[in-house]
Structure formats: structure tokens, C-alpha cells
Amino acid sequence: MDAVVVPMEHGLALAAVLFSIGLIGVMVRRNIILILMSVEVMLNACGLAFIVAGAKWGAADGQIMFMLILSIAAAEVVVGLGLLLQVHRRVGSIDIDETSRLRG
Amino acid sequence: MSDQQLLAILPHILLTTVILIQMMVIAFARNLRTTVAISVIALILTGLAFIPVYSLIPIMVTPLIVLDGYAIYYSGLILMSSTAVTLMAYDYFKDRGEKQDEFFMLLLFATLGALILVCSSHFASMILGLELLGVSIYTMISYPHKGLLTLEAALKYLILSGVSSTFILFGAALIYAVGGKLGFAELASVALETRDSGEIFLTAGSALIFAGIMFKLSVTPFHMWTPDVYEGAPAPVTAFVATVSKGAIFAITLRLFTSSNLIEVPSILTGLSVVAILSMLVGNLLALRQDNVKRILAYSSIAHLGYLMVAFIAAGMIGGKVLAIEASSYFLFAYFITTLGAFGVVTIVSLPNTEADAGDISNYEGLFWRRPMLAIMFTLTLLSLAGIPLTVGFIGKFYIFTAGVTTTLWLLLSVVIIGSGIGIFYYLRIIFAMTKRTETDVTKIEIPIAGGWVMASVTAAILFFGIYPTPIVNLINNLVLSIT
Amino acid sequence: MLLIAIISVLIIGGFAAWLAESRNRDWPKWVSLFTILLSSLLVIPLFSLEPITMQLGATTSQWLLVYEVPWIPRFGISFLFALDGLSLLMVALTIFLGLVALASSWNEIDHQPGFFQFNLMWTLAGVTGVFVSLDLFLFFFFWEIMLIPMYFLIAIWGYERKAYASMKFFLFTQISGLFMLLSILALAFAAKAITGNFTFNYFDLVGLNLDPDIAWWLMLGFFIAFVVKLPGFPFHTWLPDAHTQAPTAASVLLAGILLKTGAYGLIRFTVPLFPQAAMEIAQVAMLLGAIGVVYGAVLAFAQDDFKRLVAYSSVSHMGFVLIGIFAWRELTLQGSVMQMVAHGLSTAALFMIAGALQHRLHTRDVSEMGGLWKDMPRMGAIAMFFIIASLGMPGLGNFVGEFLVLLGAFQVNVPITIFASLGLIVAAIYSLIAMQRVFLGTPIANRNLRDFDSREVSTMVLMMLGLVYLGIHPQPVFDMVEPSLNSLYELTGPATEWVGALR
Amino acid sequence: MYDLIWVIPLAPLVSFVILFATQGNLGKTQVAYLGVGSVGLSALIVVAIAYSWLNSGSSEPYTYAVTSWINVAGFNPGISFYLDGLALTMMLVITGVGFLIHLYASLFMEEDGDYSRFFAYMNLFVSAMLILVLADNMLLLYVGWEGVGLCSYLLVGFWYEDPANGAAARKAFIVTRIGDTAMALGLFLLFMHLGTLHIQPMMQAAKQTWATGDTIPTIAALLLLGGAVGKSAQLPLQTWLPDAMAGPTPVSALIHAATMVTAGVYLIARTHELYLLAPLAQSTVAVVGLATLLIAAFTALTQTDIKRILAYSTISQIGYMFLALGVGAWASGIFHLMTHAFFKALLFLAAGAVIYSLHHEHDIFKMGGLRTKLPVAFWSFLIGSAALTALPLTSGFFSKDEILLAAFDVNPWLWAGGLLGAFLTSIYSFRLGFVVFFGQINTEPSAPAGARMAVPLIILCGLSIIGGWFHVPVDAVFPTIVDSHHDQTIAIITPLVPILGVLLAYLLFLRKSLDLSTLLESLVGVQLRKFFFSHWGMDWAYDKIFVVPYTRIARMNQADVVDMAYEGIANITSIFHYLTSFTQTGQLRWYAFTMVGGLIFILAIIVGII
Amino acid sequence: MSVELFLFYLAATVSLVSTILALTRYNATHALIYLIISLLASAIIFYLVGAPFAAVLEVVIYAGAIMVLFVFVVMILNLGARGDDLEHQWLKPGMWLFPGLLCLILFLEMIYVLSGSSQNLAGTVVTPKEVGIKLYGPYVLAVEIASMLLLAGLIGAYHLGRRYLVDSRKES
């Protein structure tokens, strides 16, 4: 079978669109949970891109990179959610704007 | 994996082992002194462990890691900086309640991440190193989490840093898609082969990676987080972020782009030039009338990274590679010790007040008469940041100029001059504040032992290498230039 | 090594003075005095040195002392100290005015005397270094070093607007200095392109065959740095503020020697390194000088602040120096050097008088003065002497300088010289009005003012004698700097080329 | 004997240094001995030198090099003295009259608290003046030239507590400095073309280099003339001299009548060879002289201040000297210089005696009838006025007559103008004499001054009378004029006119038989009087044209307009700071937004869209 | 258009739509569910492009573990009655339509993939074995570093969470 059933460009385009949606989420949402989720979407998009690219070359590197991304996502989320909990305790809200004091 | 290869990563193994040991020790007997002692010993041992490595270089340890002179030089800088931060952090945390031990563990984690970063030769190790560094730093920033500011800083850093990591990842994916290679050295051939077909993916990938890296380096327009994080984070952590984190990331960027020859792409150089100019101008302008010393230092670091970018760009110009790498290595050295000095002073001045760090410039008024030694140290570091002779910062800036002149980057150099001019203004403002005569009774500042030693050695280094830079120059020539 | 010894003595003396403060608040100034006397002792043997001949470009030149040790071999940078007549004269002036500055601040500094003396000594060390460094990197190093202690002197012991003034001083000199650094580096790089090695050695860099366009830009970098320091119009505006706000000793040093470093740099570096390019800008430079002469004088006339007035008069005087250097005839160069020395003495003295007035009256506003001769005849007479010296009275040093400059410049550019000569008139106007407003006129009653004491008088008399000596027997100074100027002059090619190109 | 020439300027200089250094710590007697004695010493040496000079019959100039001074690139003026007939004459006048005035002043100034300072300045002046006339090169001459200007400044403003005196002193200095600067430019020009500033070689070189009527010598001569008119108070720079009367009267006598103001005459005489090469410049000298003498004479007619009348008279008389120089009667000019020194010093000193006795009253209409009260002063005044008016047999007669006749040879109009001037001179000088010494007593004088003031007056009386018989030993210096025989009418009219003037003055001011009040009070008359009184409005015009605009512009620019450029840069930078700070909102979303913006930007550049 | 390709586009559409919906929800829980759907769709794509091991990991770890963390946090925060009330107001049966539809599409895809129609892909599949060999070959250090990364994250979370839990207990 042809190596590229799915055109790589399409796969990457999907990844890019997901990536963009995640980016939009970070820019638009005020809820910290949603922002963290947006970051997850972006990480996932990167994983998707690696997998697609890996598929093109038929090598395992793409998948391995995806796995590494998984661990990164996990680590980030863990700390992020920890912070979120603390923020919620101090401010009583998970609205990022209510948390912002630093400026200028 | 051969014995040699194992020996080559001995420092990393050693550090990892000590972290685990430290974890055990903390679990059984919480004692801040012990923890810190373990940390310091670990850092020193790690540094010593590079000595046997020296005879092996350059050596690849799996495709992911390469140990060469360049890596050793930057590892040395990182370890030096980490040690200093550890000592400063000890002073900072010792009077702030219990359970401060994990901080030092995280510090070692971050150091490990940085060490991995500077010797990585592959996107996988680079990204992991970056994340190891980042994840540890998030917690370090928010470590005292009594006030909201640290949390806010950490949260902002976490989210934005996460976003920037995805930039790098996506960029790497694009580059991978072009050539199917993830090792830096292999990319050079990819870049050559795909000069016609896949260049758009390659350049787009590079652009994404650059954007991500520039965020970590806090280069305009990716600098927005810097002042908030610098202000919110505890002073030693800020020092760590400003030195180890940025230094390691810069080192890996330089390695990535020089060994893959991507830096020689003209459009990349153009993009970098624009960013460098923006950084120098915006960073300095932002600091101009700022009243918070930590924020000033943040903005000044933005500007300094702009200067560093000049050397980076020079590395991409014809005939500029060797000198540019040498220049950036020296500049980073200068920047490291100077920044450590600056935040060391901020740490010491912040000690009496456990609620928030001494940010506002009024905290420093009359320091010259209250604590002359401290004030002189701070003055020296500020002068070093401003690039005035007698200080190591001058030699650093001299190197930047040399690199720029060699590659005839006149526009960038004139911006360096303008930026430095603006820079002098705000550094002098702090110095001037320190010389003010204050009548009001101010909090007594005690110079702690550990921090005092750090400051003394940093000051000595600023002066010594400002007057006699030859040892470092030779070191760089022997170690760093091996990658060219 | 005498030169290193002098600089080291000053540096160490500075530290010693600082440390001495903790023992006794009066000790620092004695330590300083001892330091300066020691360094002046070290200067004396320099006068009797046998000349050494060095290759300088296509010609040779006479040096009294050359000393070189490697410093940063990577870039061919070395500690290259060299001394010729010009340098020696400047060093001697530096040390002498250091003594004057010390005397002027003897009883004036209550706050942190140790640190004050430290800065004073370091300024002297920096300036001395500037005058004897012949490695361009080393030169720049000292060039910047002298700023910092001076900054502290102004910022800590200055008057009401010290923050502004010290900042302005630092910014102007520093930014212009960076341009010079850029030029130095580019020059070293150009040298590398020609000779294959990085070098900052003056002797190697002189006479390089540079591309004219590049040379022009490089020259400009040097030129700007030096002209800002000089200060030449329109880069002079830092000077009135710095002088006005500085404590007396700092004003003395600023006017007396720091400004001279700019002129020295122009003579030593700008023109010899880039003769062709300097020639191209000579007209403009002379014009700037002439404008400075008149503009400074007109502004001096309008000032109400006595120190500011003297500061603007410095702008005016240094304009002559600029003209003299860029006319680049033997006459004008000698005149410029003479003007530098004489201006060093006369303006330093005037600043001392201004400082003394401020100390006694707690104001510098001349509209609150008047008739002070009545209260302080000694000060009045001395002030009169220096005022007329500064307006260029024949028989005193300033006249010799100004006259030679104008005499020589007239042969180079007539209109500019005529314009500059207007300076003689406007100088009279501001000088005399200053005298009138401060010392003459109706005395204000009930002011119990202390006249100059013997310490002040003896310092002043020293400077007066100096000016008279320069005025009636300037030849030793001419002879001293003649070999240096001659060799530089030879280096840039025959004077006719200059004149031919300038017409 | 000639070897002692260096003592001549040095003696007063040493005295100055001592007086200056002691700062009034010496007693008045010591000061007087020192101050007067030093000038006396110089005078003695001068007389001795003059004696041997005249006896030797040789007219060879004598050069004495004291020391080298400057030697740079072929420019080598030394401190060396050049003695010839001209210098000798000048020295005689300076030291002789100077000594008398010093003597006079030792009493006149006795009451003054700053006695020592006064003599210090006076001695410095004498020294500078001697250097001026002895200098063998232009630079040294310039030293003396500026030196006398300085002393003039110091002495006019001697009573410094009155700001008006200060203003007068400044005016004197600055106005002359304008001339000096022109002169300096002349020197530059000469040096540029001739390569030396030594006067004699320079003149030789000038003759060899240039032909008569060349442009360069003309310009140079005109520039030197600029210096001369400044110092000698000639048009257009004469306005300072009347104000300079603010100084003590001996100062006016010495500096502003006898010696310094004639330095311009000396300068032109000294460089006459240059003027011979520049006929245009020489004519200018004549015209300037004539115009000045007339303008000043008209002004003197209307003045009421005794010293101002004398000041205008001085301006006018120097105008004659210029006229003489301008028509090539060099020796006559110098001759008039000498006689003028005698009688004008006499007049000033006499006026000083009057003022002294009347407690510093200056207005002549508040004086009157002093003939009997102050006989010495009266006779002095009478003799002095006679000489000034050039009544026959007085010294002024000989000198002025020569000038007018020489002028006639060149251009009758010059002669006519000069004659008109002479006529006016006689009117104003006798107006002064009659008003002050005749009529009723308006102010009661105190006792006449003592011998130290009387003796100089008497000696000067004698000189004013017999001075005309002296022969100025300058024949060897100047080219001889071909002695032309004048028309008899001219030779008769010339001395007659002043006598007519005296008569008119007699009728107007003493007999008061002629009443011109209707004429004077008419509209034109009043305006004209005002015009003359204000010295033809020149002070007013200068004030409006130069002084006020200069002051205004300077004050307006007090804050330095150039600095505003830098302030502007600083402000713009600050504005940029605030603009950029504005972006630092603290909002995470905005930060992310900028990152994305940056990403797009970088991407666009690197991929090549931009 | 081959079936694989069709499936790919279908999954892509699902993924896109659910992601968009996830990030536009007001309610965190709903958003989470959409996100999980999106991840599942991604998993299908992974499978389609020959990365079955990655597909499994996506479901097990990403959707199964990481997303659960979010769920925990949402539960811990217990955003309370206010949120519930709001939800009551707009959580109408219609609201479930879209998630249900998306789930359906995903489900159908799964059926199709699992029913063996993917045999065509066999040639390009990078098997778990290959991945494993490579992972523990050249990438072994990456595994080690990743472990340290997770440990660092763990310690961070422990530190950050500790105070929160302790303090909350005190408060309640």
C-alpha cells in the first residue's frame, strides 16, 4: 500500500488548526482550567503533527516524540493544576483576570 | 552504551543520584542545613565529574546527548550559578517557616534540566531538558506561595511557557516532517537537500522554534512575562531564571542553529535582527522610569538578551561564527555573574521582610551609608550591566561590539549604543538612590554568611575578569570553539 | 615603572583614604595630600628622561618612556603606556590640579570624607591613565574609568540638582564614548584585515592605509567622543549642569583636566589616525569651535548662576582649542596646548572662587551678590586677576594660547577666524559683567564674610604665578610639546596639503 | 645708559606687584613713595636716555632684547624694546606727564581708602604704556595695548561701589576691545602675508611685497585703524571716553587725555609705512579724524559737566592728530600729541583741583567766580585753554597750525573742516573757563590744594606754553614732507580763527552781550542742542542697535536653546517609555496575544512574506 | 477517495468540532468531555496513519489519565451551587445533542476501524515493538529524563497541593 494514505499536508493542516484553536483558547478564555485545557489541545496538536510526520517517514521517532509530549503534558498539567488550587484558595476564583496584580 | 559513554554522562548520573538520595533524606529527616549541604556538595561533585569527561570530548552518548567543550563550558556556568543560587536561597528560605527542603531538590532538578539542555544534540533531549527546567521552575517560583504574587507569576509563566514549548514542538515537528531527522547535526544535510522542495516547512519550523525560544529568552515581542515573573518570584529564583534558564536555552539555541547551519538562512537573520533591535529598544525603554528594581532588572535582561542576539546574528554572517560564539560565551559569562550579583543584593536587602521582596527603589535609598559594602557590590554589578570598564560587563559588551564590527552589523551596533545609553540612565538611577542621604530610620540589613560569600566572590569575579579577562578568554578558546 | 607607579599610588591612595575614614574623619584628606605629593614626586623624574625614538607610521617620533606588557593577547591588547612631552605636560597639570582640588575641598566636605577622597584620587588616576595610554583599548578603559568617580563626586556631594546633572554628564560622555569604542574596534578590525592580526597598539595603527569612506566614519566616532568631552558646540550642554552642580573640587577637576582629555584625544588620535578624514571635517570642526567660542560667551553673559557662567566660559575657551586643533598648524597646535594648560589654571581658580562664594553665601546666584570686594578684598583682587586672565589679557597664559590659535587659524580659514575673534569681545562682556555683579557694585550691608585665608590664598597664588609664567615665558611648555606635535604634524603630511585642501 | 632701558617699564611694574601683593597693608606714605617714586625713576632714566640720545646726534634706532618670549614655527616675538625718536618722545610724555600726575594724585587721592590699589593700577598703567611704545614687535605692543585698556577699565571703575562707574568702565573696555579685535585681525593678516610681527622687518617686508594701493595692505591698514580708533576714541568707537570720566580725575588726565588715548596715534605713526602703501586707508584716517573732531567739538559746546567737556575736547584734539596722520604730517601729529598731553593734562588736573575744592562738584553752572579763590587752578586753566584753543605762542598753536596747513596741502576741505573745529574749540574751551572762573560764586570752595597738587600744575603750565618750541626728534622716523610754501592768506587765517572764537565766547559767556537765547530756545535750536548734547545720538543708537538686542537675545537664550534639543530627545524617550509601559498590562491573555502576534510576525519574516 | 481517507477526514472533523466546542463551554465539565472526545478522535487518526501504539497511549494516558486530573480538580474545587444553578438554567436536553452526535460519529468510526477494514494500513504501521526497541535503544536517555521530569512534576504538585489540602482541612 502506498505509504501515504493520508496526505501528510492534510494531517499537518489538521494539527495546525487544532494548534490554532488551542492558541485561541489561551487568548480568549479567562477560566484558568480552560486555559490549561487549551494548552493541552496545543500539545496534542504537536503530538499529532509528530505522528503524521513520523508516518511519512515510517519511523518510530514520531511516536516516541509523541510519548515524550505526553509526559510533558502530564508534568505541566500536574503543576498547573496545583497552582490552580492554590490560586483558588487565595482568590476564591479561577478567573485569571482576578488573579492579576503584577503589571507595569 | 559503552563505558566511555557512561563516563561521559557521569555528571548527570551523579546529579540524578544525589537528587534521589536527597529525596530520601528529606523523607526521613527534614533539616534545611543538611538539604542545602547535600545540594552544594552535589553541585560541586557534578562539576568535578566533568574533569574526567574532558579527556573524552567530543563524544556522542546516544544520538540525544553530546559531550563537548561547549557543553562543558556552559555546564560549568550553570553549576556555578546554581551553587550561588542555592546559597542565596538558603539565606532566603531559612527564616520563612518549615518545609523549605523541596525547593533545593527542585533546584537540582532544574539544574539537571539545564545540564541536559546544553549537551543535547537532538530535539527530544532538548525538549525534555527544557521541560525539566521549566516544570521545576514553575514550582520554584511559587514556592513560598504565601502571597498571591508568586502564584500569579508562576501561573503566568507556566501557561505562557507551555504555549512557547508547543511552539518549539510544533516547529520541530515541521522540521521532522521535512527531513525525517531530529538530530541537530543531521539537520544540516536536510537543510541542504531540501533547499528547493521543503524549505518553507523548514523555515516555518525554524520560525516556530525561534518564537518558542525567544519566549524563554524573553526577547521582544515575547518578553511580556518577564517583569511579572521577575517581580513575583523570590529573588533567588529570579536569579536562577535569569541566569541558568536563559543561559542554557541560549546555549542550546546557538548549538542547534549553528550545527544545523539554519542560522545562515538570510531570512532568519533578518527576523532575528528585527527582534534584536526591538529587544534592545523596548527593554531599555521599559526600564527607563521604572521604580521597581526587580522589574528594572527584568527589563534590563530583555535588553541584554537583545545584545546577545547581536552576537547570535553575527554567528550567521560570513566569517563571524568563531568570534560570535566566543563573544556570546563571554557575554553570557559576564551576564551570569553580574545578574547573580544583582539578585544577590536584592535577596539580601529582601531578607528582613518575609512578606515581599525588596522591589521598590526606595528600599535601596541610602544603602551606601547603611551598608557600604553591599552598596558597592550593587554598584559594581549595575556598572557591569551598564558595560562600564573595570567590570566584566564591559568586556562582554566589548565582545559583542567586536563580533558586530567584524561582521559589519552597523545598524544593530548603533542600536546597541542607543540602548546602552538609555540603560545607563536607569542603572544610574539606582546607584543614585543608593547614594541618597536618608534621615528616616530604615530596617537594619544584615549580610548573611552564605549570601555574603556569594556576593564577595561575585564581586571579585566582576572586577577580576573585568580587568583581566584572559583566563576566561583562553577557556572559551579551548573549550567552546570546538563546535565550530 | 614610573607611570604605573603614579597611577597605582593614586589608586591605592584612594583606597587608603577611604579606609582611613573609619579611624578619623580628618585623616582621609591628609592621606590624599600625601598621595598627591608622592605622585608629584614621581612625576618630577619624568622631566629628565632621555628621549627614545619610536617608529610612528612613516615617520619617527620622540618618546620619553614606552612600556608594554601583554594584557588580552587574544585581541592583541596590551598595557602600552607611553609618555611624550604632551602627555607629560598633561600629567603634570593633572597632578597639580589634583592638589588644587584637594585644597579647595579641604574644609568643605563633611559628608563621607573618605569616599570623597577615594573618588578624587580615582579621577586623577583615570585621567592620568588617559594621558599615558597608547593602546586604544587601554585608553578607552581609562577614558571610562575616570567617569565613574566623577559621577560619584557630582551625585553625592553635588548641589540641588545633582541627580540631573550627574546623569547628564554620564550619559553624554558614555554614549559618545561608545561611538568611540565602535570606532576603535572597527579600526582594529581594519588593521586586522591589513596586517592579519588584531592590534590596538597606537604605533601599529597610525599610518594604516584605510579605505577613505571607512576612515571617515571611524574618525567621526573618535571625533564625537572627544568633542563631547571638550565640549564643543552643540554637544556642550552637559557641561553647564555638571559644573554647576558639582562640588568645588569636582568642578576644578572637570574644568581643569577632564575637558582636556577631549582635546588631547583629538590631537593624539583623531587627526593622526585618520589624517585625510580629519581634513575633510576640519572646516566643520573649526566652525563648531568658532560657534562654541561665541555661543558660549553669549550664554555666559546671560547666566545668573556664577558657576554656570564660568562653565559657559569654558565652552567658549575650549572652542579656541577646537579651532586650533583642526587648523592643524604648528602655531595653532601649540596655541591649543597652551590654551588647555592656561584654561586649566584659570577656570579651576574661578571655580574655586565660585565654590568659596557658595560656601560663604550659600548661593550661587549673582543677583544676590554684589560689592563683595568690600568684604573680601583679597578674594576680589584674586577674582579680578582670573577674570581678566580668562578674558585673554596679554601677559597671561590664556592670551598666548588664544592668540597663537587665531594667528595660525587665520592662515587656514579667514572667515571662521574672524568669527572666532568676536569671542574676544564677547568674552570681555561676560567677564566684566560677572566681575561687576559679584564683586563690584554697591555692597550689601551686614554681611560678615570671611576673606580668603592663607590656604586659599597660597593655592590661588600658585595658579596666578603659573598663569603669569605661561604668559611671559611660555617657551618651556612649547619646547616640551614640540617634539610630539612635530612628529604628529609630520605624520599627517606636509602642512601645505592641509592648507591646500582647506582652501 | 641705553642698557637701562628695561628698567623703564619694569620699575612701575615692580611697584605694581608690590602694591598688589601687599593689598593695602602698606602705609600711605610708603605707597606714595613707591607709586610716585617708581614712575619718577622711570622718568629719570628716560630723561637720561633722551639726553644722551639727543646729544649723540645719531638717530640710529636702538634695539634691546630683554628675553625671548615665544618661538613657535617661525613666529618668534621676543620681549625686546625698540628705541627711536618716536618711542623716545612717547616715553618722555608718558613718564614726564605721568610722574607729574602721580605726584598730583598722591595728594588728590589721599583721602581715599583704596590709596594703595589706586597707585598699583596707575603704576601698572604706566608700565603697560611704556611697553606699548617700546615694543619692537606687534605682539608685545599688543600686550601693552591691552594692558593699558585693562588699567583704564580698572581705574575708571575705581570707585566700584557705584554701579554707574562700573558700567562706564565696562563700556570703556568693551568698546576699545572691539577695536582691539580688529587690530588683532590686522595683525593676523599681516603675519599671514609677511611672516613676522616684528615691526621694522614687517614694514620692510611690506614695502617689498606690496605696491602702493594694493588690497591687502589697505585691509590691514584699515584693521589697524580699527584698533586705533577704539583706543583713541575716534569715530565710530569714541562713545566710551566721555563716560570714562567716571574715574578719578588724575586718571582722566593721565589715561584719558595725555597718554593712552593717543596710543592709536602712536600705532598709526608706528606703522606709517603700511599706510603709505594704502592711500585709501590713509585718507580714511584723515576723514575719521576730521569727522570726529567736528562731532566732538559740537558736542563739547553743549556739555555742562566739566570733565565731559574736557573729554569731548580730547576726542576732538585726537581727531586733529588723526587728521595730521591722514594727510601725511606724521611729525605734526606726534607733535600735537605731545603738546596735547601737556595742556590737556594741565586742564584735567586743574579741573581736578576745582573739583577737589568743590567737593566733587562737576556741573560747571554750579561753579563760577573761582578766579580769586583758586588762583593756581585759574591760571592753569587759562593757560591750558589758550593752548587748547591754539592761541598764538602757546604750544597748541604750533602743533595745530602745522596740522591745518598740512591738511590744506592735501585737500582744502580738510583744512576748512579743521578750522571750523578750531573755531568751535575756542568757543567751548573759553565757555568753560569763563563760566567756571568768572561770574558769581555758586559754590563755596574749600581751601586750595597743597603743593603736591600745585607743583605739577605749574610745571605743566610751563610746558604748555613752551612746549611749542620743543623739537620732536622724529625726523629720522618719518619720511620728510616737502616743505611747501603756503598762501599767505591761509597762513594768516588759520591762527586767526581761534582768536575769533575766543572773542565770541567772551561776548557770549562773559559779557553776555550777545543773547542767543531766542535762537537756542527755538524748536530747531532745542532739538539741535539736544542732539549735540547727546553726542549726536550715538550712544542712543548703539544702545538700540547693539546693546539691547545683544542683552535681549542672550537673556532669552539663558536656558540654552541647544539644550532643548537634548531635553526633547529625553522627553521623547520618556514618552516611548510610557507607551511601552502601557503594553505591560499584567493580563495573561494580552501576553499570549502578543506572543501570537510575535509568532506571526517572525513567521512572516522568516518564511519570506515580509 | 479511499475509505481510510474518508475516515481520516471524518475523524478530523470530529476532532475539530469537539475541540472548538470544548473551548467554548462555560462549564468546565462539559468542556472536559468535549476535549476527551477530541482526544479520542485524535487517537483514531493516529491509528489511521499507522501509529497504533500512539493511539492506545492517547486514549489511555491522555484521555484516561491526564484528563482525569482535570476532573479531579474540578471536583475538588467544587465550584458549588452557583455553578449548578447556572447549569440548570441552560443545561437543557438539547445541549446534549452535539456531544451525543459527535460521540456517535466517533463510535461508528471505531466500529469501522476495528472491523478490520484497516488492513491496507498494515504495511506502514510502526508497530509497538519497533517503537519499544527504538525507545529503549537510542532514546533510552529520553526515557530517563522523562522520568525525572515526571518526578519533578510530582514533587511540585506535592508541594503545591500539600498546603492547599492542609489549609482546606483546617478551614472546614
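To find a chain, count down the sequence lines: A is the first, B the second, and so on, and within it residues start at 1. Worth knowing before you read on, the calculation uses all heavy atoms, side chains too, and leaves out hydrogens, waters and symmetry mates.
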query = Should D:Tyr550 and C:Phe301 be marked as a ring pair (Phe, Tyr, Trp, His ring centres under 6.0 Å) after you check the CA-CA gap, both sets of side-chain angles, and the distance that decides it?
reply = CA-CA 10 Å; D:Tyr550 182 81; C:Phe301 168 74; 5.2 Å; yes
task = Test D:Asp563 against C:Lys168 for salt bridge (charged side-chain N to carboxylate O under 4.0 Å, His left out), laying out the working first.
result = CA-CA 11 Å; D:Asp563 201 31; C:Lys168 201 168 175 181; 2.7 Å; yes
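For chain D, the nearby part of C:Met464 is the side chain; its heavy atoms alone come within less than 4.5 Å. Residue C:Leu404 touches chain D through its side chain alone, counting heavy-atom pairs closer than 4.5 Å. Neither the backbone nor the side chain of D:Ile131 comes within contact range of chain C; no heavy atoms are under 4.5 Å apart. With a threshold of 4.5 angstrom between heavy atoms, C:Tyr312 approaches chain D through side-chain atoms but not through N, CA, C or O. At a 4.5 Å heavy-atom cutoff, the contact between C:Tyr164 and chain D is made by side-chain atoms alone. Proximity to chain C is limited to the side chain of D:Ile79, based on heavy atoms less than 4.5 angstrom apart. In this structure, chain D has heavy atoms under 4.5 Å from both the backbone and the side chain of C:Leu331. With a 4.5 Å cut-off on non-hydrogen atoms, C:Ile388 touches chain D through its side chain but not through its backbone. At a 4.5 Å heavy-atom cutoff, the contact between C:Gln475 and chain D is made by backbone and side-chain atoms alike. Contact annotation for D:Val17: neither backbone nor side-chain heavy atoms come within less than 4.5 Å of a heavy atom of chain C. Within the 4.5 angstrom heavy-atom criterion, only side-chain atoms of C:Val400, from C-beta onward, approach chain D. With a threshold of 4.5 angstrom between heavy atoms, D:Leu154 approaches chain C through side-chain atoms but not through N, CA, C or O.
Residues C:Asp304 and D:Arg555 are paired through a salt bridge, judged by an N-O separation under 4.0 Å between the basic side chain and the carboxylate.
Between C:Phe399 and D:Tyr142, the ring planes are parallel. Angles under 30° get that label, and only those over 60° would be called perpendicular. Taking the six-membered ring where tryptophan is involved, the planes of C:Phe410 and D:Phe188 are tilted, since the angle between them lies from 30° to 60°.
In this structure, C:Phe172 has its ring center under 6.0 Å from that of D:Tyr566.
Within the 4.5 Å cutoff, the side chain of C:Gln334 has no heavy atoms near those of the D:Phe75 side chain.
Between the side chain of D:Glu161 and the backbone N or O of C:Leu440 there is no donor-acceptor pair closer than 3.5 Å.
In this structure, the separation between CG on C:Leu424 and CD on D:Glu146 is 8.0 Å, given to the nearest 0.5 Å.
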